[in-house]
Amino acid sequence: IGKEAKKRAAGQVKAEGKEEANKVKKKRVRSDEPATFARRVVPTTPFGKDKWYSLRSAFHDLIRPTVKHYSTHEDKFWKFATNAWKSKEVTGENINELAKEAANQ
């Protein structure tokens, strides 16, 4: 093994790809709102976004004020609401109503 390979193995010489990656650092955009709800990130599909925002909104408006440690209840609410919707037709138009209905049960 040559001297250059030994230095690279010891971490003294950066690989070419790492040098370029270090030059262009991604900046994180900080937001007041958490990036997840019920351990789920915002989906990319339109229906998925509607579902995610509807469930989060209903939870924050109706359930969160009534419980002390609300984050422990987010996933339970998500599962409860989606299981309740299995027998119903869920569309982008009625998803807000269904989410609020599930939060009131």
CG of Asp50 to OG1 of Thr45, rounded to nearest 0.5 Å, is 8.5 Å
Check Lys100 against Leu62 and note the closest heavy-atom contact, atom names and distance.
-> O-CD1, 3.9 Å
Say you draw a straight line from OG1 of Thr66 to NE2 of His73; how long is it, rounded to the nearest 0.5 Å?
-> 8.0 Å
Considering residues at least two apart in sequence or located in another chain, which fulfil the side-chain hydrogen bond (donor to acceptor under 3.5 Å, both in side chains) criterion with Tyr53?
-> none
In short, salt bridge (charged side-chain N to carboxylate O under 4.0 Å, His left out) pairs touching residues 66-75 with sequence neighbours left out are Arg39-Asp75, Arg40-Asp75, Asp75-Lys79
Treat each ILVMFWY residue as a node, draw an edge where side-chain heavy atoms are under 4.5 Å apart, and state whether Phe80 and Phe37 are in one component.
-> no
Is the closest side-chain heavy-atom distance between Phe59 and Trp78 below 4.5 Å?
-> no
Nearest heavy-atom contact between Phe77 and Ala99 is CZ-O, 3.9 Å
Heavy-atom closest pair (Ala102 atom, Ala81 atom, distance to 0.1 Å) is CB-CB, 3.8 Å
So which heavy atom on Pro65 is nearest to which on His60, and how close?
-> CD-O, 3.5 Å
Identify the two heavy atoms, one from Lys51 and one from Thr82, that lie closest to each other, and give their separation to 0.1 Å.
-> CE-CG2, 3.5 Å
Exercise answer: donor-acceptor pairs, residues 85-93 side-chain atoms, under 3.5 Å, sequence neighbours excluded:
from: Lys86; atom 1: NZ; to: Asn83; atom 2: OD1; distance (Å): 3.4
from: Lys88; atom 1: NZ; to: Glu101; atom 2: OE2; distance (Å): 2.5
from: Thr91; atom 1: OG1; to: Glu93; atom 2: N; distance (Å): 3.4
from: Thr91; atom 1: OG1; to: Glu93; atom 2: OE1; distance (Å): 3.4
from: Thr91; atom 1: OG1; to: Asn94; atom 2: N; distance (Å): 3.4
from: Thr91; atom 1: OG1; to: Asn94; atom 2: OD1; distance (Å): 3.1

